[in-house]
Every structure is written in structure tokens, then in C-alpha cells.
Amino acid sequence: MMVNAIKGIFISCDVPMAQFIVNMNASLPASQKFIVHILDSTHMFVQPHVVEMIRSKIAEFRDQNTYEKPA
């Protein structure tokens with residue numbers, strides 16, 4: 001019996017953020033997809049090397065969608 005083990009990072013987030021990550025993954029070519037396994041609507045495992053990329057994309061997204069009151 002052969003056992004496959006893949007190193008992954010566990011992500012726990014709300015549903016909209018999980019959808020953002022899933023859509024980000026879906027927009028990449030097959031060779032660059034990083035989601036190892038989606039556990040449910042708010043939990044997933046991703047490849048370790050993409051954690052910083054996910055963080056920066058989320059920060060970028062938040063910056064674009066943050067309301068700033070005009071001066």
C-alpha cells in the first residue's frame with residue numbers, strides 16, 4: 001500500500017475570503033494551482049510556498065475595497 005503525504009498549510013477563514021482564495025486559485029494555470037484540499041466552506045489546505053502570495057493578494061483586495069471618508 002502506497003501512502004501519499006503532501007505538506008500543506010491549514011487556512012481557516014470566513015466564507016467570502018475562502019471564495020476569494022478559491023477564485024484566485026482557479027485563475028491560475030494548472031501547474032500553478034496551490035489548493036491541496038478544500039475541507040469545507042471555511043477551511044482548506046494550501047501548498048506552503050503560496051502563503052505570502054495569498055497574504056499580499058488579500059491585503060491588496062482589502063486596500064481596494066476599503067472606504068475612506070473624503071477629507
Checklist line | Minimal non-hydrogen separation, C13 against A18, with atom names | finding: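 Looking at all heavy atoms of both residues, the shortest contact is SG-N, 3.5 Å.
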Check: Any idea which heavy atoms bring H43 and F10 closest together, and the distance?
Finding: CD2-CZ, 3.3 Å
Notebook entry, point to check: With distance as the sole test, does K33 use its side chain to make a donor-acceptor pair with the main-chain N or O of A26 at under 3.5 Å?
Noted result: yes
Next item on the list: Kindly work out whether a path of hydrophobic side-chain contacts (I/L/V/M/F/W/Y, heavy atoms less than 4.5 Å apart) joins V22 to I58.
Entry: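 As far as the 4.5 Å side-chain criterion goes, I58 and V22 are connected within one cluster.
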Check: Applying the 4.5 Å side-chain criterion to the ILVMFWY set and letting contacts propagate, would M53 and I38 be lumped into a single cluster?
Finding: yes
Non-hydrogen side-chain atoms of [X] and [Y] separated by less than 4.5 Å:
X: M17; Y: D14; answer: yes
X: Q47; Y: K7; answer: no
X: M44; Y: I35; answer: yes
X: R55; Y: V51; answer: yes
X: I9; Y: F45; answer: no

Note to self: Could you go through T42 and I11, starting from their C-alpha distance and side-chain angles, then the distance that decides it, and tell me whether this counts as side-chain contact (heavy atoms from CB on, under 4.5 Å)?
What the structure shows: CA-CA 8 Å; T42 59; I11 293 180; over 6 Å; no
Margin query: Could you walk me through whether I21 and N25 satisfy the side-chain contact (heavy atoms from CB on, under 4.5 Å) test, starting with their C-alpha distance in whole Å, then the side-chain angles of each, then the deciding distance to 0.1 Å, before giving a yes or no?
Written below: CA-CA 6 Å; I21 295 169; N25 185 66; 5.6 Å; no
Margin query: Q32: which residues meet the side chain to side chain donor-acceptor pair (under 3.5 Å) condition with it, sequence neighbours left out?
Written below: none
